[in-house]
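Worksheet: the structure to be examined is printed underneath.
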Protein chains: 2
Amino acid sequence: MTKSHSTPTFRPLYEQIKILITQSLVAGEWHPGEAIPSELELANRFKVSQGTVRKAIDELAAENILIRRQGKGTFVATHTEEHTQYHFLRMVEINGKKEEPLNEVLFCKRIKADSDIADRLELKRGSPVVLLRRLLKLSGEPVILDDIWLSATLFKGLSETMISEFDGTLYSLYETRYGTRIIRAEERIQAIAADAPTGELLNLAAGTPLLDIHRIAYTYGDKPVELRTSKCNTRHHCYLNELG
Amino acid sequence: MTKSHSTPTFRPLYEQIKILITQSLVAGEWHPGEAIPSELELANRFKVSQGTVRKAIDELAAENILIRRQGKGTFVATHTEEHTQYHFLRMVEINGKKEEPLNEVLFCKRIKADSDIADRLELKRGSPVVLLRRLLKLSGEPVILDDIWLSATLFKGLSETMISEFDGTLYSLYETRYGTRIIRAEERIQAIAADAPTGELLNLAAGTPLLDIHRIAYTYGDKPVELRTSKCNTRHHCYLNELG
DNA sequence: GAGTGGTCTAGACCACACC
DNA sequence: GTGTGGTCTAGACCACTCC
């Protein structure tokens, strides 16, 4: 590790360390849920002080990419654990309580990406994609209807039975079965009226106002890997958001 | 500053410094937009090392309470500046562009808090509150209808003309006129159908689906100071949210 | 040049988990 | 006890801003 201090394009050392650590994550050197080497080991490997490694890890922890546990080590974040598993689920009961969702897959089929889907997933037009439709039930009531698009190349062999038999969230499946960890997402929300088929699936009259959420989810390096539209019944639930 | 290391209730020094700095902010020792003393000065004042002050300020900066500017100093964050002024406005054009909103106050009157409003604002039932209704126009079109509740004691003398004559956002007015800085907020979003009067104000047919957003906004120390419901037309705009 | 925040280091010691 | 992350310190030097 060479310091680039006082060069024209100044990059702090700890940012370079961040990049190196991220590269190891992308390369799969450490898998979700596993411990990465201790700060001292990484400091030796990269030939920097512990404090510099520390700052790099601090930032990755702030981005929910790593998780620090005092006395135990630093771990690759995962959607599998209790605490983080519904990190991306914003729909809660109106009183604010998070409910364990029940997942029902309606279908899972292969299609060709139209230009819009291809653009957003950064694929070539006509590339094979998986289109997955599912219903999420909260407190026994169908609340969220999801349509999900994924690259069929990246998620080879994804099927209805595979999802149904998997114990955990979809993002947990992505990372355990395909090594793709979702680290952030962007959502655009609008209000729409339920059309007849959507109303039927959500057990609502056609015309009922729904939240229509368009999500793009990204893995390491801001690579988009999942497209999703969610239609949400807000009769007994709401989208909860913290602004800081 | 005494170290509480090795006491049964362990609190890191930098957290104590954070609290002291926050107290000075609440007390109005430094006003929004002003510089606070340098790290070295604060270190001397609190009898700790610069590094400890640094960590405290780092966290306050991460919470958007302070703003660091290399070579210039550390400043109290404000809603007045270009960069931060629409920090809490999530409605954007569908393509993602933030539009400068145009503010039209419909009324501003004194009422008594019912038990619900009083609870949420942590006031006594029947306390005087200001109810403010306004319309926000984005790209010339009425998009957001806000009803806003504030303690009339805290925001004494708030009036329609005062708001109309003020050059800046509402949160900027709160902090420059009343010394109350909003630091975070919580929003709950549902989809509803426009009723007739709302439809008229937003220039829509009754029954059109709208976003219905309930916001509670907090100042230092998690004290709720503003209640707000927004009805949003999502014909050409959407609520944009980053999940991390 | 002086003053500010930003980076990096080295070392001491504390808190926590596991054995 | 050993090893891990967490805190605190002191000091050197860099980058940026303003004079």
Side-chain angles (χ1 to χ4, degrees), chain A residues 1-21 30 33-77 81-83, chain B residues 1-21 30 33-77 81-83:
Chain A
M1 180 57 44
T2 52
K3 309 188 194 182
S4 65
H5 252 202
S6 83
T7 56
T9 53
F10 170 60
R11 266 274 170 113
L13 254 184
Y14 70 85
E15 281 193 14
Q16 302 178 42
I17 305 293
K18 266 184 77 173
I19 293 170
L20 290 173
I21 293 176
W30 315 303
E34 288 179 11
I36 69 171
S38 75
E39 295 179 352
L40 232 34
E41 279 179 76
L42 290 173
N44 288 332
R45 181 202 293 200
F46 298 135
K47 300 283 172 257
V48 298
S49 77
Q50 186 190 358
T52 300
V53 170
R54 192 163 181 72
K55 175 135 185 167
I57 292 179
D58 275 346
E59 296 210 345
L60 290 168
E63 296 167 29
N64 296 307
I65 289 173
L66 296 177
I67 298 191
R68 324 194 65 145
R69 286 197 228 283
Q70 184 170 152
K72 300 175 82 170
T74 301
F75 299 78
V76 183
E81 294 155 59
E82 176 88 23
H83 188 62
Chain B
M1 181 56 44
T2 52
K3 309 188 194 182
S4 66
H5 252 202
S6 84
T7 56
T9 52
F10 170 59
R11 267 272 170 116
L13 254 185
Y14 70 85
E15 282 193 15
Q16 302 178 41
I17 305 294
K18 265 184 77 173
I19 292 170
L20 290 172
I21 293 175
W30 316 302
E34 289 179 10
I36 71 170
S38 75
E39 295 179 353
L40 233 34
E41 279 179 77
L42 290 173
N44 289 332
R45 181 201 294 199
F46 298 136
K47 300 283 172 257
V48 298
S49 76
Q50 186 189 0
T52 301
V53 170
R54 194 165 178 71
K55 175 136 184 166
I57 292 178
D58 275 346
E59 296 209 347
L60 290 168
E63 296 166 29
N64 295 308
I65 289 174
L66 296 176
I67 299 192
R68 324 194 66 143
R69 287 196 227 283
Q70 184 171 151
K72 299 175 83 169
T74 302
F75 298 77
V76 183
E81 293 155 59
E82 176 88 24
H83 188 62

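So that the names make sense, note that chain A is the first sequence line, chain B the second, and so on, each numbered from 1.
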### Query
Can A:Arg11 and A:Ile19 be said to form a side chain to side chain contact (heavy atoms under 4.5 Å, CB included), step by step?
CA-CA 11 Å; A:Arg11 266 274 170 113; A:Ile19 293 170; 3.4 Å; yes

### Trace of the side chain to side chain contact (heavy atoms under 4.5 Å, CB included) decision for A:Leu13 with A:Phe46
CA-CA 10 Å; A:Leu13 254 184; A:Phe46 298 135; over 6 Å; no

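Residue A:Thr74 places at least one side-chain N or O closer than 4.0 Å to OP1 or OP2 of D:dG5. Neither OP1 nor OP2 of D:dT7 sits under 4.0 Å from any side-chain N or O of B:Thr52. Residue A:Tyr14 has no polar side-chain atom (N or O) positioned under 4.0 Å from OP1 or OP2 of C:dC8.
Comparing D:dT7, D:dT4, C:dA10 by their closest approach to the side chain of A:Ser49 singles out C:dA10. When the nucleotides C:dT4, D:dT9, C:dC8 are ranked by their closest atom to the side chain of A:Pro12, C:dC8 comes out on top.
Looking at residues two or more places apart in sequence or on another chain, you find no salt bridge (charged side-chain N to carboxylate O under 4.0 Å, His left out) involving A:Lys55. Partners of A:Glu59 according to the salt bridge (charged side-chain N to carboxylate O under 4.0 Å, His left out) rule, which considers only residues two or more places apart in sequence or in another chain, are A:Lys18.
One can place CZ of A:Arg54 at 7 Å from P of D:dT7, the figure rounded to the nearest angstrom. Atom CZ in A:Arg11 sits about 12 Å away from atom P in C:dC8, given to the nearest Å. The separation between A:Leu42 atom CG and D:dG3 atom C1' is 15 Å, rounded to whole Å. In this entry the distance linking CZ of A:Phe10 with P of C:dT7 reads 6 Å, nearest Å. Distance B:Phe75 CZ to C:dG3 C1': 12 Å, rounded to the nearest Å. One can place CD of A:Gln50 at 17 Å from P of D:dT9, the figure rounded to the nearest angstrom. In this structure, B:Lys55 places its NZ atom 11 Å from C1' of D:dG5, rounding to the nearest Å. Rounded to a whole Å, the CD atom of A:Gln16 is 12 Å from the P atom of C:dT7.
At a threshold of 4.5 Å between non-hydrogen side-chain atoms, the residues B:Leu42 and B:Thr74 do not count as touching. Contact annotation: the side chain of A:Tyr14 never approaches that of A:Val48 to less than 4.5 Å [non-hydrogen atoms, C-beta and beyond]. Residues A:Ile36 and A:Ile57 meet the side-chain proximity criterion, which asks for heavy atoms closer than 4.5 Å.
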N/O contacts under 3.5 Å, protein versus nucleotides 17-19 of chain C?
unit_1: C:dC18; atom_1: OP1; unit_2: A:Lys72; atom_2: NZ; d: 3.4

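Residue-level contact check: A:Arg69 touches the backbone only, with heavy atoms under 4.0 Å from sugar-phosphate atoms and none from bases.
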